[in-house]
Each structure stands twice: as structure tokens, then as C-alpha cells.
Amino acid sequence: LKSNDGKDHYAQVNVTIIENTKNKDYDTLKDKVALNVSTMKEIVIDEFQKYSKDDVLDKKEDIKQQILTNLQDYFKSDFICNVTLNVLVQ
């Protein structure tokens, strides 16, 4: 996380991706999710690194929305229709 106080801070994040099985791209892209876990983790990490410890909790919904948008952009589809975040900040 970005530091505002000169100390190192970390976030432990559990992300759940919700896929729309009725989406026209689902059958084509569902298997690509497992093949792209590293890139998806990078998308999450990149977004969290923009925020300080205090901001993460205050802006969790904004972060969640941006991660969703970035995942949809990456897959060029909205078959990923939601993400949930469980965040522990130290």
C-alpha cells in the first residue's frame, strides 16, 4: 500500500469473481480465467498500490469497481459481472 506515514503497510485481499453464465462470452472465456490468474492478481495488486492504508477502507467500493472495470477490459467482455473483496489492512 501507498504510505502516508513513512511506514510499510500491507493489505491481505481475498477476491471473489462472479461470472455471468448467461453472458454470450461465457463459454468462450470461462476457461481463460484459470489460465490468467497471475494477470488477474496483478490487476488487483496494481489497484491497491494506488491507495494508503486509510484510503483502502474508505474507498473499498471505488477500488472494487475499478478492479471490475479493469478485469472486463482485460477480457474484453463483461462476463465477469461482479467482484467481492474481503480486505485486512495492517
Side-chain angles (χ1 to χ4, degrees):
L1 298 174
K2 187 168 75 172
S3 178
N4 287 342
D5 60 6
K7 298 178 184 175
D8 290 334
H9 296 284
Y10 303 93
Q12 179 179 341
V13 182
N14 293 315
V15 180
T16 303
I17 294 171
I18 294 106
E19 300 170 4
N20 179 355
T21 58
K22 296 184 189 316
N23 184 285
K24 62 181 173 43
D25 299 324
Y26 177 76
D27 288 332
T28 307
L29 294 173
K30 66 180 178 183
D31 295 332
K32 293 187 179 185
V33 170
L35 298 173
N36 288 280
V37 169
S38 294
T39 301
M40 294 168 62
K41 285 180 182 179
E42 224 174 281
I43 288 169
V44 172
I45 290 167
D46 287 349
E47 192 59 33
F48 271 90
Q49 286 180 334
K50 296 175 185 177
Y51 296 91
S52 69
K53 174 185 171 185
D54 297 327
D55 288 342
V56 164
L57 300 177
D58 292 339
K59 297 184 179 181
K60 183 179 171 185
E61 286 302 312
D62 295 338
I63 296 168
K64 178 180 139 179
Q65 186 58 48
Q66 190 59 52
I67 289 170
L68 176 61
T69 299
N70 292 346
L71 289 171
Q72 290 173 337
D73 289 349
Y74 178 76
F75 285 102
K76 295 178 177 53
S77 173
D78 61 355
F79 86 102
I80 296 175
C81 59
N82 198 4
V83 294
T84 61
L85 302 175
N86 291 314
V87 182
L88 175 64
V89 178
Q90 296 183 12

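In this text, all values refer to a predicted model and were calculated from it rather than measured experimentally.
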* Sequence neighbours left out, what pairs pass side chain to side chain donor-acceptor pair (under 3.5 Å) with at least one residue falling in residues 53-64? => S52-D55
* Within residues 25-35 or reaching into it, pairs that qualify as side chain to side chain donor-acceptor pair (under 3.5 Å) - sequence neighbours excluded -> D25-S77
* Which pair of non-hydrogen atoms, one from I80 and one from Q72, has the smallest distance, and what is that distance? ->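 Reported closest heavy-atom pair: O-NE2, 2.7 Å.
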* Specify the closest pair of heavy atoms between L68 and N82, including all atoms of both residues, with the distance to one decimal. =>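 Nearest pair, atom of L68 first, then N82: CD1-N, 3.7 Å.
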* Asked: Are Y10 and L85 co-members of a hydrophobic cluster defined by side-chain heavy atoms under 4.5 Å apart?
  ->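 No, L85 and Y10 fall in different hydrophobic clusters.
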* Treat each ILVMFWY residue as a node, draw an edge where side-chain heavy atoms are under 4.5 Å apart, and state whether I63 and I18 are in one component. =>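 In one cluster with I63: I18, no.
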Taking side-chain hydrogen bond (donor to acceptor under 3.5 Å, both in side chains) as the test, write out the residues that go with [X], two or more places apart.
{"X": "D5", "result": "S3, H9"}
{"X": "N23", "result": "D78"}
{"X": "D46", "result": "none"}

* To do: Working to the nearest 0.5 Å, report the span between CG of L1 and NZ of K7.
  =>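 The NZ atom of K7 is 14.5 Å from CG of L1, to the nearest 0.5 Å.
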* To do: Find the distance between CE (M40) and CD1 (I45) and round it off to the nearest 0.5 Å.
  =>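 So the CE of M40 and the CD1 of I45 are separated by 12.5 Å.
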* Would you mind listing every ring pair (Phe, Tyr, Trp, His ring centres under 6.0 Å) that reaches into residues 48-90, with sequence neighbours excluded? =>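 Qualifying pairs: F75-F79.
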